[in-house]
Amino acid sequence: MKVYPESSLNHICTPTPLSLRNYNLSLMDELAPNVNVPTIFYYSATNQDSTDNVTLRYKHLKSSLSKILTSFHPFAGRFCRDSHLVDCSDQGAVYVEAEVDICLDDLVRQRMNVKAELLNELLPYPV
């Protein structure tokens, strides 16, 4: 399987108010181990989808992410380890699109038989 990833920084569409720029972590957040849960969202395209439809769908997803980050501004921020807070300066969230040279429907149908190494190729960094 060959993966052709393309990543970009998706910025928030409306600036975070100055009063919400620093998001203080709770005691539970500070005590909890640092865990990153990678998620792959899979949208199958039909044979009838044209390149224009797929491109429009990608633009819609990126636009939706920008809009929702306004409500969840810490997700567009960066964690400041020294001060134990999230700097919500609207840096943005990473958005990754990838094309593969196989039919992902076949991969999804395998469910439990899929090797983790294969899925790692779909992520921006290995887990």
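Only a predicted model underlies this, so the values are computations on that prediction, with no experimental measurement involved. Note that these values count all heavy atoms, side chains included, but never hydrogens, waters or copies made by symmetry.
Annotation for Tyr95 and Tyr58: closest pair OH-O, 3.6 Å, computed over non-hydrogen atoms. A pairwise comparison of heavy atoms in Cys88 and Pro74 identifies SG-CA, 3.8 Å as the closest pair. Across all non-hydrogen atoms, the minimal contact from Ala93 to Leu69 is CB-CD1, 3.9 Å.
Listed by chain and number, the hydrophobic cluster partners of Met28 come to none, as no ILVMFWY side chain reaches under 4.5 Å of it.
Here the CD atom belonging to Glu30 is positioned 5.5 Å from the CG atom belonging to Leu25, to the nearest 0.5 angstrom. Note that CZ of Phe75 is 10.0 Å distant from CD1 of Ile68, once rounded to the nearest 0.5 Å.
The side-chain hydrogen bond (donor to acceptor under 3.5 Å, both in side chains) search around Asp29 returns Ser26, not counting sequence neighbours. The side-chain hydrogen bond (donor to acceptor under 3.5 Å, both in side chains) test applied to Ser63 returns no partner, not counting sequence neighbours. Applying the side-chain contact (heavy atoms from CB on, under 4.5 Å) rule to Thr55 yields the partners Thr51, Lys59; only residues at least two apart in sequence or on another chain are considered. Remark: Leu56 pairs with no residue by the side-chain contact (heavy atoms from CB on, under 4.5 Å) rule, at least two apart or across chains.
Looking only at distances, a side-chain donor or acceptor of Arg78 sits under 3.5 Å from a matching main-chain atom of Gly92.
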Which donor-acceptor pairs under 3.5 Å do the side chains of residues 10-17 make with protein atoms, sequence neighbours left out?
| residue | atom | partner | partner atom | Å |
| --- | --- | --- | --- | --- |
| Asn10 | OD1 | Ser66 | OG | 3.0 |
| Asn10 | ND2 | Lys62 | O | 2.9 |
| His11 | ND1 | Gln91 | O | 3.0 |
| Thr14 | OG1 | Thr70 | OG1 | 3.0 |
| Thr16 | OG1 | Asp90 | OD1 | 2.5 |

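Hydrophobic clustering (ILVMFWY, side-chain heavy atoms < 4.5 Å, transitive): Phe72 and Leu20 are in distinct clusters.
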Report the C-alpha distance between Asp87 and Tyr23 in whole Å, list the side-chain angles of each, state the deciding distance to 0.1 Å, and finish with yes or no for side chain to side chain contact (heavy atoms under 4.5 Å, CB included).
CA-CA 7 Å; Asp87 175 26; Tyr23 182 80; over 6 Å; no

Pair Val94, Leu9 - check side chain to side chain contact (heavy atoms under 4.5 Å, CB included), show working.
CA-CA 5 Å; Val94 177; Leu9 203 55; 4.1 Å; yes

